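Notes follow once the structure below has been shown.
Reckoned from all heavy atoms, side chains included, excluding hydrogens, waters and symmetry mates. Because the structure is predicted, anything quoted here is derived from the model rather than measured.
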Amino acid sequence: MAAASKNSRTSVSTQKFIDPVSGGEIVMRTILKNGKLKNVAVCEKTGRVERRPKDFFR
């Protein structure tokens, strides 16, 4: 059996982000806008939309 290469990911981990203001979970969504795909972060509790999860902490 072949061994995993040194650059491969051997475990999958996902980060959970929590909105500090509302306490809702922040999820990443892909939206088609003007013919382009955009990744946006959305708070599930309030519906607030930002470009990335880090923008919720300002």
Check: Which pairs count as salt bridge (charged side-chain N to carboxylate O under 4.0 Å, His left out) when at least one residue sits in residues 46-56, sequence neighbours excluded?
Finding: R48-E50, R52-D55, D55-R58
Check: How would you list all residue pairs meeting salt bridge (charged side-chain N to carboxylate O under 4.0 Å, His left out) that involve residues 30-41, not counting sequence neighbours?
Finding: none
Note to self: My understanding is that a hydrophobic cluster links ILVMFWY residues whose side chain heavy atoms are under 4.5 Å apart, including indirect links. Using that, what else belongs to the cluster containing I31?
What the structure shows: V40, V42, V49
Check: Which pairs pass side chain to side chain donor-acceptor pair (under 3.5 Å) with one or both residues in residues 17-27, sequence neighbours excluded?
Finding: D19-S22
Checklist line | Residues clustered with V21, ILVMFWY side-chain links under 4.5 angstrom | finding: none
Next item on the list: For L32, check side-chain contact (heavy atoms from CB on, under 4.5 Å) against everything at least two apart and list the hits.
Entry: L37
Notebook entry, point to check: To which residues is F57 joined in a hydrophobic cluster, defined by side-chain heavy-atom contacts under 4.5 Å among Ile, Leu, Val, Met, Phe, Trp and Tyr, whether direct or through other members?
Noted result: F17, I26, F56
Check: What pairs with N34 under side-chain contact (heavy atoms from CB on, under 4.5 Å), at least two apart in sequence or on another chain?
Finding: none
